[in-house]
Protein chains: 2
Amino acid sequence: MVKLSRKERKRAERKEWIIDAAEEVMRRSGFESATMDEIAHEAEVSKGTLYLYFKNKASIHLAISERGSRMLNQSLSKILLLELSGLEMIKKMGQSYLGFVQQYPIYFTAFSYYENLISSNETYNGELAIACEENAREAMTYIVRALQIGMQDGSIKDTYDPKELGIIIWGASKGVIHMAFHKESRNHMRILDDVDFSLDSIINNFVELLGTGMKND
Amino acid sequence: MVKLSRKERKRAERKEWIIDAAEEVMRRSGFESATMDEIAHEAEVSKGTLYLYFKNKASIHLAISERGSRMLNQSLSKILLLELSGLEMIKKMGQSYLGFVQQYPIYFTAFSYYENLISSNETYNGELAIACEENAREAMTYIVRALQIGMQDGSIKDTYDPKELGIIIWGASKGVIHMAFHKESRNHMRILDDVDFSLDSIINNFVELLGTGMKND
DNA sequence: TTCAAAAAATGACCGTTAGTCAAAATGTAT
DNA sequence: ATACATTTTGACTAACGGTCATTTTTTGAA
């Protein structure tokens with residue numbers, strides 16, 4: 001049993017190593033343009049080996065998304081442990097999400113990609129996809145928990161259903177950060193060119209706006 | 001000059017015809033899976049002909065996005081002509097956007113796709129891409145105009161910068177609709193499965209929430 | 001240490017698809 | 001009717017994701 005476990009550990013390490021390589025290649029070329037040959041080369045294995053560890057290219061992408069969402073959850077979960085009002089927790093989560101996106105843009109790109117492909121690809125049903133969904137569900141529970149805390153401590157209106165409000169906050173945050181993020185990282189999206197607000201300013205105002213909307217008077 | 005114009009008109013018609021076919025194929029198979037051969041077959045032309053009208057596959061996708069964003073703008077622009085307060089205009093725009101997405105899901109998918117690919121593909125710099133950007137900028141001006149009207153008629157707080165608020169509203173709306181939309185159209189995204197709110201309910205509450213946040217007290 | 005059986009890794013190969021281009025078909029003007 | 005210009009065609013190429021027979025490495029019993 002010990003031997004099997006060592007083998008498994010080695011296999012897991014190798015898998016992580018391949019994900020590292022894939023992240024690097026995708027950082028350079030984007031998910032579409034990254035080829036399996038490139039990834040294999042970067043990981044210093046043959047192409048065939050990639051397929052011993054991952055079913056196909058989409059699986060590699062999913063593995064990156066899973067890793068990213070797990071990391072994000074870790075930082076969100078900590079917020080619930082702080083001595084804050086529910087409303088402040090929600091605000092903190094927004095900032096935390098932004099910080100995550102800024103620190104690891106590759107994961108944000110991966111998430112966006114994931115959501116676009118999920119509907120059209122068979123692979124997005126397997127084990128890894130379920131893990132991603134599970135992570136997303138977990139993130140949602142953190143938000144809902146903070147909302148419930150806020151409704152209890154009186155910092156957040158209790159006229160909304162916390163679950164529904166959670167979906168709204170989650171979706172809206174993603175949308176705003178998506179937009180603001182693209183403003184930072186691209187030469188395209190010219191809608192935003194004649195607007196010189198910083199990403200932080202946009203997010204802060206957004207959090208303020210949502211906060212006012214759900215604040216208890 | 002008249003002859004040249006006729007020729008040009010014919011060419012433009014043919015182009016629209018190809019876009020129609022491409023939309024149909026992508027509705028069936030999704031953008032990724034749609035092949036140029038399929039599109040050619042659907043449009044009843046040879047593959048080579050596609051390339052006489054569009055530089056490449058990405059261009060066809062852009063043409064669809066351009067068409068969609070032009071349609072959306074048309075419905076947004078009408079709202080500015082109504083006898084409404086600025087705040088009501090903004091709410092109406094949100095509903096209008098939702099209606100558009102529900103009526104023409106293919107364009108919403110195209111927009112999402114567009115935003116994911118824009119950074120990685122060369123084609124997203126040419127004439128069509130500029131037209132898309134121009135449409136997006138135009139949509140933004142409608143939102144900003146409504147916000148300015150609202151700040152003038154007193155229905156919207158004037159503590160925010162209208163342009164910045166415009167970006168926030170636009171981004172947040174896209175995010176919420178994106179999420180709610182996927183809930184409707186997919187069997188995935190299981191975060192949302194144990195939540196049985198309707199798309200309309202989510203959007204209404206979102207509009208309500210944002211509205212409260214920017215309402216003048 | 002030796003060796004054979006099992007496991008892991010390899011890369012030449014295959015099918016598919018975006019994109020090209022020489023040849024064919026169609027349109028136009030005299 | 002003919003010659004010239006324009007448009008269309010589809011066989012072809014290159015590149016990529018994915019496969020699998022073969023080679024290399026690991027393992028453990030003698």
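Here is how names work: the chains are called A, B, and so on, in the same order as the sequence lines, proteins then strands, and each is numbered from 1.
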Consider the side chain of [X], meaning its heavy atoms from C-beta on, and name the nucleotide among [options] that approaches it most closely.
X: A:L52; options: D:dT19, C:dA8, C:dG19; result: C:dA8
X: A:N56; options: C:dA9, C:dA18, D:dG18; result: D:dG18
X: A:Y51; options: C:dG19, D:dG18, D:dT8; result: D:dG18

Take atom [atom1] of [X] and atom [atom2] of [N], then tell me their distance rounded to the nearest Å.
X: A:W17; N: C:dA9; atom1: CH2; atom2: C1'; result: 17 Å
X: B:F54; N: C:dT20; atom1: CZ; atom2: C1'; result: 18 Å
X: B:R14; N: D:dT7; atom1: CZ; atom2: P; result: 11 Å
X: A:E32; N: D:dC16; atom1: CD; atom2: P; result: 13 Å
X: B:M36; N: D:dA11; atom1: CE; atom2: C1'; result: 17 Å
X: B:K57; N: C:dT17; atom1: NZ; atom2: C1'; result: 8 Å
X: B:E13; N: D:dT7; atom1: CD; atom2: P; result: 15 Å

Are any side-chain N or O atoms of [X] and backbone N or O atoms of [Y], one a donor and one an acceptor, separated by less than 3.5 Å?
X: B:H178; Y: A:G175; answer: no
X: A:S29; Y: A:M26; answer: no
X: A:N135; Y: A:S69; answer: no

How about A:Y104 and A:F100: are their ring centres within less than 6.0 Å of each other?
->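 Aromatic pair counts; centres sit under 6.0 Å.
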Any chance the rings of A:W170 and A:Y142 have centres within less than 6.0 Å?
->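 Here the rings of A:Y142 and A:W170 have centres that are no less than 6.0 Å from each other.
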Using only side-chain N and O atoms of B:Y53, determine if any of them is under 4.0 Å from OP1 or OP2 of D:dT8.
-> yes
Between B:R11 and D:dT6, is there a side-chain N or O to OP1/OP2 distance below 4.0 Å?
-> no
Indicate, with a heavy-atom threshold strictly under 4.0 Å, whether A:T35 touches base, sugar-phosphate, or nothing.
->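 Sugar-phosphate contact only.
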Which part of the nucleic acid, if any, lies within reach of B:L50 when heavy atoms closer than 4.0 Å are counted: base, sugar-phosphate only, or nothing?
-> nothing
Would you jot down, in residue-number order, the residues of residues 39-47 of chain A having a non-hydrogen atom under 4.0 Å from DNA chain C?
->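 Listed by number, they are A:V45, A:S46.
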Toward the 5' end of DNA chain D, which comes first, A:G48 or A:D37, by nearest nucleotide?
-> A:D37
Charged N-O contact under 4.0 Å between B:E134 and B:R137 =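 Salt bridge flag = yes for B:R137 with B:E134.
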Using a strict cut-off of less than 4.0 Å between a Lys/Arg side-chain nitrogen and an Asp/Glu carboxylate oxygen, indicate whether A:E24 and A:R28 qualify as a salt bridge.
->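 Salt bridge: yes.
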State the CD-CG distance between A:E138 and A:L76, to the nearest 0.5 angstrom.
-> 9.0 Å
Exactly one candidate in B:R67, B:R11, B:K10, B:R9 meets salt bridge (charged side-chain N to carboxylate O under 4.0 Å, His left out) with B:E16; the answer is B:R67
Can you give one letter per nucleotide of nucleotides 21-26 of chain D, going 5' to 3': B for a protein heavy atom under 4.0 Å from the base, S for sugar-phosphate only, - for none?
-> ------
Are the side chains of B:P162 and B:L165 in touch, meaning some heavy atoms are under 4.5 Å apart?
->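 They are not in side-chain contact.
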